[in-house]
Amino acid sequence: VPSLDDLADCFSGRLLTAAEDMAPFLTDWRDLWRGSALAVVQPDSADDVASVVRWCAARGIAIVPQGGNTGMSGGATPEPGANAIILSLARMNRIRTIDGIDNVIVVDAGCILHTVQQAAEDAGRFFPLSLGAEGSCTIGGNLATNAGGTGVLRYGSARDLCLGMEVVTAQGLLWDGLRRLRKDSSGYDLRDLFIGSEGTLGIITGAVMRLYPSPAARATALVAVPSIEAALELFDAVRNRLDTALTAFEFLSENCLSLVLDHRPDLRRPIQQPSPWYLLVELSDLQTADGIRDVLESLLATAFEQDLIVDAAIAETVAQARDFWAIREGIAEAQGRVGKTIKHDIAVPVSRVPAFLSEADAAIGARWPDVRFVTFGHLGDGNIHYNFSPPDGGDQQAFLAQQQPINQVVHDIVVRHGGTISAEHGLGQLRNREIARYKSPIEIELMRQVKQALDPQGLMNPGKLLP
Ligand code: FAD
Ligand code: 2HG
Ligand code: ZN
């Protein structure tokens, strides 16, 4: 075991080694993985990160970067028995600059997403990345997983929002790639390589993120639809008419709605008559505070006449819109409360969503008639969280033992429809082995060569992402 003394001298008060101090860093939000580490180091600056990485590289110690530890795929949890340290970015939480003309915000990687949204708002701008974990997840984690969330339809994922990046390489060198350019054809895009790399290529220490104008008004509705086919017909009509004014098109099943309401007595059922599916539709207007609600109302009236929807509740107040969003964003937590979960974070082309759902529902229902379907997601992006919970009172371990065969049945269908087995959560240690089944040997080999080139010692977050 290497001596941590010289590291402890440099990081006095910022190096945790006691079991009780390290415990929260050694497991994950889903409570699915447990790992071990020699220490947790909490640097304050990119230079600090570089010295930790050099210290580890010289001793052959692996590094597991961690932001808010809200990831869904176990990427931030070290492997059991690992000869590794956890490098927590949490103290690196400065907003560095905001520039109106360049329309960017430059931040430390450990900045909490909500802090970045707030800083943009204080400057009269809008930072559109938005997800349920925004109160704890960090920009570094968002970029490392190429996070999506509920604004992707209009504004794109973390990758689309990032213009530049600062990275500490696996050799402990600081690369300043904090460019603010909209255009750059000067060679391989290293920034793009680090986005979605889940800590396996280097440590993201800072980023330049795009800003947008703040919408003057939003109109939000919870809509009951008879079928997914009808939902997609509505999606096509609304997007074709309103284009970028359509800022969210989320969906959830009746199972999801009742699950959330069971756990959130503060929330009310917005539509009394139960329906198989609900949509959360949001329109935004940049110009005026008036009008957008009328547009939504007339669109929904037409959809009702065409039998595309059966009922709708349009939010009358900002508080009511917030409650609709709380239902949608509350599913992950509510599902966690009823036991272990088997999750999928799949995406298929939007047009294939109905076919995927009917094939997968039939295949799972036939083999596992007792599992509870918890299906929801970012319908406008074709990204479905095709999740399962154990039957009421069912054995948790027996349920979890079915994870691998269930994943395979679902993912085989996904890939047959031209989809991906991870749209926004990353592979981590949950899907890194499985990916070998779905990517071609050439793609896996190219990924391995990238890893070998950037991290020849294999010390950056080992056991994650690659098979
Ligand atoms: P962590 O969990 O700490 O780390 C995630 C991965 O990134 C790990 O592999 C880690 O090693 C790596 N990493 C972290 N920081 C760095 C860094 N600075 N440099 C290099 N690598 C790093 N995701 C979505 O995309 N859309 C959603 O709608 C969404 N909703 C969620 C809702 C809830 C309630 C929860 C708990 C999670 C949700 N997520 C969602 C999962 C999502 O991946 C994370 O919330 C977020 O993007 C991860 O950020 P983090 O700082 O917590 O990263
Ligand atoms: C969401 O969209 C998150 O709410 C979490 O990505 C998904 O719990 C999940 O599987
Ligand atoms: Zn999601």
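Any value given below was found using the heavy atoms of this structure, including those in side chains, with hydrogens, waters and symmetry copies removed. From a predicted model like this one, the values you see are computed outputs, not experimental measurements. Whatever order the structure lists ligands and atoms in, that order sets their numbers, starting from 1.
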**Request:** Considering the heavy atoms of Asn142, write down every atom of ligand 1 situated less than 4.0 Å from one of them.
**Result:**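 That gives atoms 46 (C), 47 (O), 49 (O) of ligand 1.
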
Protein heavy atom at shortest distance from [atom]:
atom	result
atom 6 (O) of ligand 2	His425 NE2, 2.8 Å
atom 11 (O) of ligand 1	Pro65 O, 2.6 Å
atom 19 (N) of ligand 1	Ile204 N, 3.0 Å
atom 1 (P) of ligand 1	Asn69 N, 3.6 Å
atom 4 (O) of ligand 1	Ala76 CB, 3.7 Å

Which one of [options] has a non-hydrogen atom at the shortest distance from [atom]?
atom	options	answer
atom 40 (C) of ligand 1	His425, Gln335, Met92, Glu198	His425
atom 45 (O) of ligand 1	Leu113, Thr70, Asn383	Thr70
atom 51 (O) of ligand 1	Thr138, Ile112, Leu87	Thr138

Min heavy-atom dist [X] to ligand 1 below 4.0 Å:
X	answer
Val64	no
Gly149	yes
Glu333	no
Gly202	yes

Which of the atoms of ligand 2 are close to [X], meaning less than 4.0 Å from one of its heavy atoms?
X	answer
Lys343	8 (O), 9 (C), 10 (O)
Asn387	8 (O), 9 (C), 10 (O)
Arg328	1 (C), 2 (O), 4 (O)
His378	2 (O)
Met72	5 (C), 8 (O)

**Request:** Of the side chain and backbone of Leu143, name the one, both, or neither that has a heavy atom under 4.0 Å from an atom of ligand 1.
**Result:**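 It is neither; nothing of Leu143 touches ligand 1.
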
**Asked** Applying a 4.0 Å heavy-atom criterion (strictly less than), which segment of Thr145 is in contact with ligand 1: side chain, backbone, both, or neither?
**Response**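 Just the side chain.
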
**Asked** Do any nitrogen or oxygen atoms of Leu89 come within less than 3.5 Å of a nitrogen or oxygen of ligand 1?
**Response**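 Leu89 vs ligand 1: no N/O contact under 3.5 Å.
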
**Request:** Report yes if some N/O of Ala144 lies less than 3.5 Å from some N/O of ligand 1; otherwise report no.
**Result:** no

For [Y], is there an ion pair with [X] - N to carboxylate O distance below 4.0 angstrom?
X	Y	answer
Asp392	Arg372	yes
Arg328	Glu282	no
Asp412	Arg437	yes
Asp122	Arg125	no

On the 0 to 90° scale, with breaks at 30° and 60°, tag the [X]-[Y] ring pair as parallel, tilted or perpendicular.
X	Y	value
His385	Phe376	tilted
Phe235	Phe249	tilted
Tyr386	His344	tilted

Side chains of [X] and [Y] only: does a donor on one sit below 3.5 Å from an acceptor on the other?
X	Y	answer
Asn383	Asp345	yes
Thr205	Glu166	yes
Glu445	Gln449	yes

**Message:** Working to 10°, measure the angle at the Zn ion (ligand 3) formed by atom OE2 of Glu424 and atom NE2 of His385.
**Reply:** 90°

**Message:** Can you tell me if, anywhere in His378, an N/O/S atom lies at a distance from the Zn ion (ligand 3) that is smaller than 2.8 Å?
**Reply:**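 Coordinating: yes.
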
Side chain to side chain, [X] and [Y], heavy atoms closer than 4.5 Å:
X	Y	result
Thr169	Leu454	no
Asn142	Leu113	yes
Phe11	Asp48	yes

**Item:** Min heavy-atom dist Gln335 to ligand 2 below 4.0 Å
**Value:** no

**Prompt:** Does ligand 2 have an atom that lies less than 4.0 angstrom from a heavy atom of Glu250?
**Reply:**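 For ligand 2, residue contact (heavy atoms, under 4.0 Å) with Glu250 is absent.
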
